[in-house]
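Here's the structure we're looking at; comments come further down.
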Amino acid sequence: MKRIPCSCLLLYCFCFFAGGGLHAQTIQLSPSYPEVTTASGPLELAWFGGLNTPQPQTADLDGDGTDDLYVFDKAGEIHLSLRGLGGDSYNEAPELVAHFPEEIREWVMIRDYNLDDIPDIFTYASAVDGIAVYRGRRRVDGLLEFDLVNFGNPLPQLYFPFEGRPSPIFVSSIDYPAIDDIDFDGDLDILTFSVGGGYVEYYRNMGVERGFGADTLLYELADQCWGGFFESGLSPALDLGSGPGDCFNNLLGPGGGGRPRHSGSTLLTLDYNGNGLSDIMLGDISFDGLVLGFNNGSREQAWISAQDSVWKEDGVEADIPSFPAGFHLDVDQDGARDLVASPSVTLNGTDVEVMWYYRNVGSDAEPEFVLQKKTLLVDEMIDVGTSANVTTFDYDADGRPDLVVGNNDEFTGTNFLDSRLRLFRNVTPSGGAITFELVSEDYLGLSAFMTTSWGYAPAFGDLDGDGDEDVIIGERSGKIVFGENTAGAGREATFAPLQFEWLGIDAGQFSKPALADLDRDGLLDILLGGFDGRIRFYRNIGTATEPAFDPSTSAAGNVLQLGGINTNAPGVSTGHPTPAVVQNDDFTLVISGNRSGTIEVYRFGADSAYTEPFTLLTKTVDSLDLGAFTNPALADFDGDRVLEMVVGNERGGISFYETDLRNDLSTGLFSAVRPAFDFSVFPNPVADELTISGLPAGVREVALLDVQGRVLRSTTLQTTAYNLPSTHAAQTQVQWRLKELSAGVYFVRASGPEGVATRRVVHL
């Protein structure tokens with residue numbers, strides 16, 4: 001799909017609360033879409049966020065007369081959207097679903113049941129397994145919002161009369177029903193598997209027949225064995241009835257069957273062979289393929305008389321582990337609805353080949369489907385399978401942070417899970433737009449260990465003080481992996497052989513590390529998220545050149561539950577925190593993702609002991625919800641001294657946001673107002689003499705700081721404003737010899753009445 005840059009940005013804000021006071025600053029996040037290229041070309045939808053169990057549909061979401069693409073993904077139960085631009089062109093447009101109901105679960109269908117040309121929603125009703133309906137309405141801006149419809153029943157869901165009393169129409173949480181005009185009379189009917197399973201029940205909409213308007217949904221159980229077939233779940237093939245009106249009776253006949261009920265099925269109705277009747281396509285939780293049943297009865301009496309039990313087109317079987325579902329929608333917007341097949345389970349199923357796209361090269365009335373690809377949309381995104389674990393790391397020592405993406409796994413169809421790191425190099429030109437290129441599909445070669453380890457979550461930092469960044473990697477067992485960077489300062493990273501189960505440090509399961517000098521003693525410490533919702537803290541008790549950690553959380557200096565943080569949602573025993581740390585001279589922030597799909601922020605002051613409780617700033621950054629298993633990382637990718645945020649999620653994808661967080665080392669980290677000056681440092685990287693130039697007349701001091709914030713050099717400038725007659729020129733340039741300093745990363749800080757500005761310098 002071709003992506004056109006989106007000009008509409010969502011803003012997410014939260015305020016900082018500390019000590020009962022309200023701080024005036026806010027964080028603003030604006031969705032952004034930097035260019036990402038691979039060997040195959042640019043990823044047009046790079047930051048869409050991945051797909052695992054998509055339920056795709058088309059509808060006019062913004063009221064512009066062109067259908068957009070809506071996707072509900074069961075992985076995280078999240079609404080996703082792309083704006084339709086005509087033809088097969090779409091672009092990222094998260095704002096289109098900004099007002100969709102948050103409480104929707106399991107499955108969604110977009111339909112216009114009341115014929116007002118505004119999409120409505122049919123979805124799972126959780127109080128009693130069934131169907132809830134949300135009526136859509138247009139806002140002033142053209143976007144959709146919805147109201148749960150109460151049809152006068154005991155619960156706000158669809159009912160039918162049974163033995164003189166209203167009874168909910170049954171749809172299980174894992175089934176996917178068919179809600180379409182089954183009898184072609186102009187209103188929406190329902191096909192769903194019975195409570196006992198195996199037989200499909202037909203609920204006919206009688207609202208219009210009884211003289212009511214289209215906004216009235218009145219159903220009667222018209223057929224307990226629609227189509228006459230039985231689905232056993234023992235084989236892909238359906239057991240077919242012998243003629244119209246006949247119901248396959250192996251279960252109900254003499255001897256009584258004894259067949260078990262099936263545990264889940266998906267239904268799709270469409271006129272596949274162009275005979276004016278509703279045929280049916282089924283998926284079953286026990287099998288990887290779709291079954292096509294042909295209706296050769298009548299509109300009054302359906303009869304599935306023939307089938308393709310292993311449906312395929314052009315000789316290609318739809319093989320989707322596991323539990324496939326079919327969706328009938330016009331993907332390329334040519335007026336003929338196409339077919340998309342996707343998985344319906346969020347565990348132990350395919351997580352990349354999840355959008356099998358069969359283009360309709362015939363007509364809508366007489367379709368002819370041809371398989372185009374198995375990764376529709378997905379092949380245009382960053383999608384690493386299941387759970388993207390992101391971090392930043394300047395692997396080539398060019399002064400620009402690069403992006404490293406781990407994953408829990410990618411489905412292989414074997415007993416092993418493919419977990420690895422991907423490396424995206426930051427190739428942003430000076431003063432230009434942020435740009436990445438994929439340079440390694442298997443950074444550090446971790447795929448070689450798939451038989452014994454998976455669930456990789458990396459973090460980088462200079463643990464041994466040699467000027468380059470080492471790596472620790474969390475993994476499924478809760479242990480961590482260590483790799484020493486032996487390249488030296490200013491050189492592309494090279495790592496010694498990896499050490500698994502390093503030092504015996506253990507977070508239980510699914511360890512997610514971060515490196516930061518939390519106690520401000522000049523040594524990097526380890527923060528380690530675990531599946532249980534706690535962030536463990538391991539204090540570095542070594543030296544600047546030899547890190548050391550005690551693996552016991554009860555050891556002096558270590559903390560089992562850092563700051564009292566617990567990312568578990570109410571009623572859930574696992575929280576999966578993914579900490580990231582931002583520090584300045586005044587305070588420390590711990591920013592964490594979680595299982596719930598939000599971002600949490602905690603704060604403690606520079607003068608507070610790291611063993612004290614953190615102050616909760618927010619459990620949710622306003623409405624930012626990316627589904628589940630979020631993993632944030634922050635960096636200044638374009639060198640403008642303002643941080644960007646990347647966030648991985650359960651679907652294996654990543655979202656990218658611009659923020660208003662300052663990247664200044666010292667003061668004003670969260671000031672939304674930038675200093676009124678800039679300056680230059682060159683050469684950068686530098687081997688010996690560094691020149692700082694372009695300093696405005698008001699700057700009073702220039703200082704050189706190490707990564708711990710310690711001042712190594714300081715020069716007080718001559719200024720016209722403070723200590724010289726106005727006839728003297730202000731000093732605008734400083735030169736330092738740095739040859740005697742160790743190789744590594746340093747910061748130049750310029751201070752004056754206008755504020756503080758900072759530049760990063762790499763010393764070779």
Side-chain angles (χ1 to χ4, degrees), residues 1-13 28-36 42-52 54-73 75-102 104 108 110 117-121 134 136-146 327 329-333 340 355 357 376-383 433-434 597 621-627 644-647 649 651 653-658:
M1 298 297 165
K2 180 181 178 183
R3 184 180 72 80
I4 306 300
C6 180
S7 60
C8 296
L9 300 179
L10 294 181
L11 297 181
Y12 303 93
C13 306
Q28 292 185 327
L29 301 183
S30 301
S32 184
Y33 310 101
E35 180 180 345
V36 179
L43 298 179
E44 300 291 354
L45 301 174
W47 310 101
F48 185 73
L51 295 171
N52 272 18
Q55 298 173 8
Q57 294 156 74
T58 54
D60 184 2
L61 302 180
D62 54 5
D64 66 353
T66 300
D67 275 353
D68 310 296
L69 187 60
Y70 166 80
V71 180
F72 179 76
D73 201 310
E77 296 180 320
I78 185 170
H79 305 286
L80 303 166
S81 57
L82 293 166
R83 176 175 282 108
L85 305 171
D88 63 352
S89 297
Y90 295 89
N91 71 344
E92 294 101 330
E95 66 273 12
L96 298 186
V97 292
H99 310 289
F100 274 52
E102 296 180 2
I104 283 181
V108 174
I110 301 293
D117 293 325
I118 299 176
D120 309 303
I121 289 176
Y134 288 79
R137 51 188 169 86
R138 292 282 181 201
R139 294 160 43 93
V140 174
D141 57 11
L143 300 182
L144 291 170
E145 54 188 2
F146 297 86
F327 300 89
L329 65 154
D330 188 3
V331 173
D332 55 4
Q333 303 180 67
V340 174
M355 290 274 277
Y357 170 39
L376 176 68
L377 304 179
V378 178
D379 57 6
E380 301 178 45
M381 308 174 191
I382 298 175
D383 191 326
I434 298 173
V621 180
D622 193 33
S623 59
L624 182 61
D625 184 349
L626 298 178
E644 288 81 35
M645 179 186 287
V646 289
V647 187
N649 64 63
R651 305 183 309 281
I654 305 175
S655 302
F656 193 100
Y657 299 93
E658 297 176 359

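Numbers here simply count residues along the sequence, with the first being 1. Hydrogens, waters and symmetry mates are skipped; everything else that's a heavy atom, side chains included, is used.
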Exercise for review: May I ask you to decide if Leu626's main-chain N or O and Asn649's side chain share a donor-acceptor pair within less than 3.5 Å?
Suggested key: no

Point to revise | Asp332 side-chain N/O to Asp88 backbone N/O, donor-acceptor pair under 3.5 Å | key: no

Check your understanding: Is there a donor-acceptor pair under 3.5 Å between the side chain of Ser81 and the backbone N or O of Ala93?
Key -> yes

Practice item. Could you tell me whether the side chain of Leu82 reaches within less than 4.5 Å of the side chain of Leu45, counting heavy atoms only? Key: yes

Exercise for review: Please assess Leu96 against Leu143 for the test side-chain contact (heavy atoms from CB on, under 4.5 Å), listing each intermediate value before the final yes or no.
Suggested key: CA-CA 6 Å; Leu96 298 186; Leu143 300 182; 3.6 Å; yes

Practice item. Not counting sequence neighbours, list each pair that qualifies as a side chain to side chain donor-acceptor pair (under 3.5 Å) and has a residue in residues 55-64. Key: Asp62-Arg83

Check your understanding: Looking only at side chains, do Gln333 and Tyr90 share a donor and an acceptor under 3.5 Å apart?
Key -> yes

Practice item. Under the side-chain hydrogen bond (donor to acceptor under 3.5 Å, both in side chains) rule, collect the residues that match up with Asp383, sequence neighbours excluded. Key: none

Review point. Side chains of Leu144 and Phe146: closer than 4.5 Å at any heavy-atom pair?
Key: yes

Practice item. Please identify each residue that fulfils salt bridge (charged side-chain N to carboxylate O under 4.0 Å, His left out) with Asp141, with sequence neighbours left out. Key: Arg139

Point to revise | Check: Thr66 and Leu85 side chains under 4.5 Å, non-hydrogen atoms | key: no

Check your understanding: So Val647 and Ile654, side-chain contact (heavy atoms from CB on, under 4.5 Å) or not? Walk me through it.
Key -> CA-CA 5 Å; Val647 187; Ile654 305 175; 5.9 Å; no

Practice item. Measure from the side-chain N and O atoms of Arg651 to the backbone N and O of Leu51, and report whether any donor-acceptor pair falls under 3.5 Å. Key: no

Review point. Yes or no on side-chain contact (heavy atoms from CB on, under 4.5 Å) for Ile110 and Ile121, after CA distance, side-chain angles and deciding distance?
Key: CA-CA 5 Å; Ile110 301 293; Ile121 289 176; 3.8 Å; yes

Check your understanding: What residues form a side-chain hydrogen bond (donor to acceptor under 3.5 Å, both in side chains) with Arg138, not counting sequence neighbours?
Key -> none

Review point. When rounded to the nearest 0.5 angstrom, what is the spacing between OH in Tyr657 and OH in Tyr33?
Key: 8.0 Å

Practice item. Report the distance from atom CG of Leu69 to atom CG of Leu80, rounding to the nearest 0.5 Å. Key: 9.5 Å

Practice item. Find the distance between OG (Ser32) and CD (Glu658) and round it off to the nearest 0.5 Å. Key: 4.0 Å

Review point. Listed by chain and number, what are the side-chain contact (heavy atoms from CB on, under 4.5 Å) partners of Ile434, not counting sequence neighbours?
Key: Pro34, Thr428, Phe436, Phe637, Asp638, Glu644, Phe656

Check your understanding: Which atom names give the shortest non-hydrogen contact between Val340 and Val331, and what distance separates them?
Key -> CG2-CG2, 3.8 Å

Check your understanding: Under 4.5 Å between any side-chain heavy atoms of Asp120 and Tyr134, yes or no?
Key -> no

Study note, to complete from the structure: Smallest heavy-atom separation, Asp68 atom then Gly84 atom, equals OD1-N, 2.8 Å

Check your understanding: Going by heavy atoms in the side chains, are Met355 and Pro54 under 4.5 Å from each other?
Key -> yes

Exercise for review: Would you sort out whether Ile382 and Phe48 count as a side-chain contact (heavy atoms from CB on, under 4.5 Å), showing the intermediate values?
Suggested key: CA-CA 8 Å; Ile382 298 175; Phe48 185 73; over 6 Å; no

Exercise for review: Kindly give the heavy-atom pair with the smallest separation between Gly627 and Ile78, and that separation in Å.
Suggested key: N-CD1, 3.5 Å

Exercise for review: Could you check if a side-chain atom of Trp47 sits within less than 4.5 angstrom of a side-chain atom of Ser655, using non-hydrogen atoms only?
Suggested key: no

Revision key, fill the gap. Sorted by chain and number, sequence neighbours left out, side-chain contact (heavy atoms from CB on, under 4.5 Å) with His79 holds for Tyr70, Phe72, Val97, Phe100, Ile104

